[in-house]
Amino acid sequence: MAPSSSSEPASHSGHAHLLANKWMGANKLAELVASEGLVYKKGKFSAIEIKQVNEAMQNYCTTRGLSEEDLNQIIFPSDEKKKDAVFWSEITSAVPLRPIVAVYQYVRRAHHPMKQQGKWQPEEDAKLIQAVTSLGQQWEKVAQLVGRMATDCRDRYRNHIVDREKRVNGAWSTAEEEELTRIVTTMQQGKNLDTDIFWGKVSEMMDGKRSRQQCRIKWTDSLSKKFKTDGATARWGTHDAFILVHKIDALGVRDDTEIDWKSIPDSQWNLFSAHTVQRRWLTMKKSIKGFEDMTHSEIMDILRVKYAEMPSYAKVSKVAKVPARSDEYIEDSDNDEPQAGSSTGPGTLVAEGGPDDDSE
DNA sequence: CGGGTAGGTAAGGGTAATGTATTACA
DNA sequence: GTGTAATACATTACCCTTACCTACCC
């Protein structure tokens, strides 16, 4: 495929066009990342991106005199197969680093008529169980019977219905914690990254007593920390707040929804999970009076002053003594994350240069 | 016909919002 | 000791990506 061009990486606009027009799956994307340095974005849509998408749709409608109903027909065509490639490409162009598939999925989710209906009622669970019993895991059909989005039915089923009789709630016993630690650490052996942990499997190995979500949260937010410190409890301190504020400051994002929390911890500071760190940020933010009406940079201005100095007495935050991966020490050649400048932002950028991996 | 692909569903993997129990501390 | 704010621990709705399937096109 046309490696012709020059020695320079393909132009950005060329990539933007590809992303907005070609329906590429994961493999295809990975291939382009490797072969011609394609850069694209993954992860949650930031507030800014959501706004851009909405404006693009609004614009699409007004320039063509389309009604709300027409728009709905485009997003969810009734039976006829009128593919509206123009629509999806145009909307995708509003968020340059996103592949068309991601935008397509996002918009269909966000505008689904049955979206967001809050807590599940017992009657709904009953309908769900009934539907799955008769139809099997055909979620689109099940959704019709239950009155919830297919994906929500699937989630409810796998997270709360399966093994429901065995499910245990409340605080974890020491035995359970030990069991989970054993399972997770065993699974990690021979794996390269902790992303190789399959929480559905873990839940099964716990004999269904705890759901995949319970297992995952318990491990990432609590047990992994204890494991790293050999049982010592590490509490969040001012020095941690200091580090966090300055890390976020260094990102230079326009809005905190653009922060990729997974990228915050590093080899020196990694006791707290991305989830925990994100929550700490929220707490700090909320402690500022009137934060609701402030922009991200205004909030940063205040926090920067508040945490201007590293508390001198503070012991440096403990660093994991157990390297993330078995006994091999991870060198961490200093990140060279392809932080493609500030223009990008939010979620994770996927680019050439594979960071990782070591392997053997 | 046969490979390629657009457009859809299912499965896999994860986070955000919120509630509740503990702990720190004035 | 007491009230309250911060933090730890739980719960679950909600979200995004990848795998897979199928009708359709050249």
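A quick note: this is a predicted structure, and the numbers were derived from the prediction, not measured. In the text below, chain A, chain B and the rest are named by the order of the sequence lines, each starting its count at 1.
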Under 4.0 Å from OP1 or OP2 of C:dT17: is there any side-chain N or O of A:Tyr106 that close?
no
Any A:Asn169 side-chain N or O less than 4.0 Å from OP1/OP2 of C:dA10
no
So, is A:Trp88 near the phosphate of B:dA6, with a side-chain N or O under 4.0 Å from OP1 or OP2?
no
Heavy atoms from other residues, nucleotides or ligands near CD of A:Glu123 exceed 12 (cutoff 6.0 Å):
yes
Is the phosphate of C:dT11, meaning OP1 or OP2, less than 4.0 Å from a side-chain N or O of A:Gln214?
yes
Hey, does A:Trp139 reach any base, or is it just sugar-phosphate, or nothing, if we go heavy atoms under 4.0 Å?
sugar-phosphate
In whole Å, what is the span from the CD atom of A:Gln121 to the C1' atom of C:dT12?
13 Å
Is A:Val168 reachable from A:Trp172 through a run of I, L, V, M, F, W or Y residues, each pair having side-chain heavy atoms under 4.5 Å apart?
no
Residues in side chain to side chain donor-acceptor pair (under 3.5 Å) contact with A:Asn54, at least two apart in sequence or another chain
none
In this structure, how many angstroms lie between the P atom of B:dA6 and the CZ atom of A:Phe87, rounded?
18 Å
With the side chain of A:Asp152 defined as its heavy atoms from C-beta on, choose the nearest nucleotide among C:dC14, B:dG8, C:dC9.
C:dC14
Over how many whole Å does the gap from A:Lys42 atom NZ to B:dG12 atom P extend?
17 Å
Could you go step by step and tell me if A:Asp163 and A:Lys209 meet the salt bridge (charged side-chain N to carboxylate O under 4.0 Å, His left out) rule?
CA-CA 8 Å; A:Asp163 285 336; A:Lys209 286 185 300 229; over 6 Å; no
Is there a donor and acceptor pair closer than 3.5 Å between the side chain of A:Trp199 and the base of B:dG13?
no
Under 4.0 angstrom between A:Arg109 side-chain N/O and C:dC16 OP1 or OP2
yes
Whole-Å distance, A:Arg148 CZ to C:dT12 P, equals 14 Å
How many whole angstroms separate atom CE of A:Met149 from atom C1' of C:dC15?
9 Å
Classify the side chain of A:Arg158 versus the base of B:dA11 as yes if they form a donor-acceptor pair under 3.5 Å and no if they do not.
no
For nucleotides 15-17 of chain B, list the nitrogen or oxygen atoms of the protein found under 3.5 Å from its nitrogen or oxygen atoms, one pair per line.
unit_1 : atom_1 : unit_2   : atom_2 : d
B:dT15 : OP2    : A:Arg216 : NH1    : 3.3
B:dT15 : OP2    : A:Arg216 : NH2    : 2.0
B:dT15 : O4     : A:Gln213 : NE2    : 3.4

Quickly work out the A:Gln105 CD to B:dA10 P distance and round it to whole Å.
12 Å
Atom CH2 of A:Trp172 and atom P of B:dA21 are separated, to the nearest Å, by 19 Å
In this structure, how many angstroms lie between the C1' atom of C:dC20 and the CD atom of A:Gln137, rounded?
15 Å
